[in-house]
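Okay, structure first, notes after.
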Amino acid sequence: MAQPEFIDDPEALCDLAPVATAPIRHHVFVCSGKSCSAVGSAEVIEAFELQLKERGILFGRTAKGKNPNGTVVLTECASVGFCAIGAAVMVYPDGVWYAQVRAADVSEIIEEHLLNGRVVDRLQLLTVPSSAFLAKSEGNPGGA
């Protein structure tokens, strides 16, 4: 199998991957693994996509109803590690992991967290780095 050519021209890379120059503020991951799917993660993903598009903040191609200058990237993923209490949603760069998210919760996450910077406490499972890690590393300047 032939190796793909390495592209070292930053402009060429940005032309191929417009996300590199987009004003992205948040990356939202929604689990679509088996356990999360059983509790409605497909509806959660659909609600995020619809509501982010309606607000004009979902990054992507105009031809797909998205905004090339959008500030939010939405990614469906296989698992985020706690599917037993899904649907699971992670928001980066804030490192917030939400659990038991339902489609009806999506507007609150968008309004409160993505637009106003306030974590939705009732759904928050943890924030990375976790408080357990921080407590452990406080006694060890080199980390855990």
Side-chain angles (χ1 to χ4, degrees), residues 4 6-144:
F6 185 81
I7 302 168
D8 59 2
D9 175 14
E11 286 185 37
L13 287 173
C14 290
D15 287 343
L16 293 169
V19 70
T21 57
I24 303 301
R25 294 186 56 202
H26 292 97
H27 194 153
V28 177
F29 296 86
V30 181
C31 176
S32 62
K34 191 174 185 177
S35 294
C36 284
S37 291
V39 292
S41 67
E43 291 83 3
V44 171
I45 294 165
E46 185 178 319
F48 266 112
E49 182 151 351
L50 176 70
Q51 292 179 43
L52 291 169
K53 278 182 182 179
E54 285 175 352
R55 291 174 179 266
I57 59 174
L58 181 59
F59 171 80
R61 296 178 185 218
T62 306
K64 294 185 176 188
K66 300 176 183 179
N67 181 351
N69 293 309
T71 59
V72 179
V73 173
L74 177 64
T75 301
E76 178 180 339
C77 61
S79 176
V80 297
F82 55 93
C83 298
I85 53 173
V89 173
M90 294 186 338
V91 178
Y92 278 91
D94 307 328
V96 175
W97 294 26
Y98 290 116
Q100 302 183 84
V101 177
R102 302 297 178 256
D105 300 316
V106 169
S107 60
E108 184 178 6
I109 293 171
I110 292 171
E111 184 67 32
E112 291 298 314
H113 189 147
L114 302 182
L115 297 176
N116 293 306
R118 295 185 295 259
V119 173
V120 179
D121 292 330
R122 68 181 182 81
L123 298 170
Q124 180 187 23
L125 178 64
L126 65 102
T127 298
V128 176
S130 70
S131 55
F133 173 81
L134 293 174
K136 196 175 189 182
S137 65
E138 284 176 358
N140 179 0

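Predicted model only: the values in this text are computed from it and were never measured. Residue numbers run from 1 in the order of the sequence given.
Of all heavy-atom pairs spanning Val44 and Val101, the tightest one is CG2-O, 3.5 Å. Taking both residues in full, the closest heavy atoms of Ser79 and Cys31 are given as CA-SG, 3.7 Å, listed atom of the first, atom of the second, then distance. Of all heavy-atom pairs spanning Ala88 and Cys36, the tightest one is N-SG, 3.5 Å. Among all heavy-atom pairs drawn from Phe59 and Ala22, the shortest one is CE1-CB, 3.5 Å. Contact record, Ile45 with Leu74: O-CD2, 4.0 Å, taken as the closest heavy-atom pair. Heavy atoms only, all atoms of each residue included: Glu43 and Ala103 are closest at O-CB, 3.7 Å.
Atoms CG and CD1, from Leu114 and Ile109 in turn, are 8.0 Å apart once rounded to the nearest 0.5 Å. Atom-to-atom distance recorded for Glu108:CD and Arg118:CZ is 10.0 Å, nearest 0.5 angstrom. To the nearest 0.5 Å, the span separating CG on Asn69 from CD1 on Ile24 amounts to 9.0 Å. One finds the SG atom of Cys14 at 8.0 Å from the CD atom of Glu11 (value rounded to the nearest 0.5 Å). The distance from atom CZ of Phe29 to atom CH2 of Trp97, rounded to the nearest 0.5 Å, is 11.0 Å. Here the CG-CZ distance, from Leu52 to Arg55, works out to 8.0 Å after rounding to the nearest 0.5 Å.
Lys66 places a side-chain heavy atom less than 4.5 Å from the side chain of Glu49. Arg102 has its side chain within reach of Val39: a pair of non-hydrogen atoms, C-beta onward, lies under 4.5 Å apart. The closest side-chain heavy-atom distance from Thr127 to Asp94 is not below 4.5 Å. In this structure, the side chains of Leu123 and Val89 stay at 4.5 Å or more apart for every pair of heavy atoms. Between Asp105 and Arg122 there is a side-chain heavy-atom pair separated by less than 4.5 Å. Side-chain contact between His26 and Pro93 is present, with heavy atoms from C-beta onward closer than 4.5 Å. Proximity of Met90 to Val128: side-chain heavy atoms (C-beta onward) are nowhere separated by under 4.5 Å. The closest side-chain heavy-atom distance from Leu50 to Lys53 is not below 4.5 Å.
Partner of Tyr98 under the side-chain contact (heavy atoms from CB on, under 4.5 Å) criterion, chosen from Leu125, Val91, Leu126: Val91.
Under the side chain to side chain donor-acceptor pair (under 3.5 Å) criterion, Gln100 pairs with no residue, sequence neighbours left out. Residues forming a side chain to side chain donor-acceptor pair (under 3.5 Å) with Asn116 (at least two apart in sequence, or on another chain): Glu111. Residues satisfying the side chain to side chain donor-acceptor pair (under 3.5 Å) criterion with Thr75, sequence neighbours excluded, are His27.
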Checking side chain to side chain contact (heavy atoms under 4.5 Å, CB included) for the pair Leu115/Ile110: CA distance, chi angles, key distance, verdict? CA-CA 6 Å; Leu115 297 176; Ile110 292 171; 4.2 Å; yes
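Atom CZ of Arg25 is surrounded by 12 or fewer heavy atoms from other residues, nucleotides or ligands within 6.0 Å.
Ser32 places a side-chain N or O within 3.5 Å of a backbone atom of Cys77 that can act as its donor or acceptor partner.
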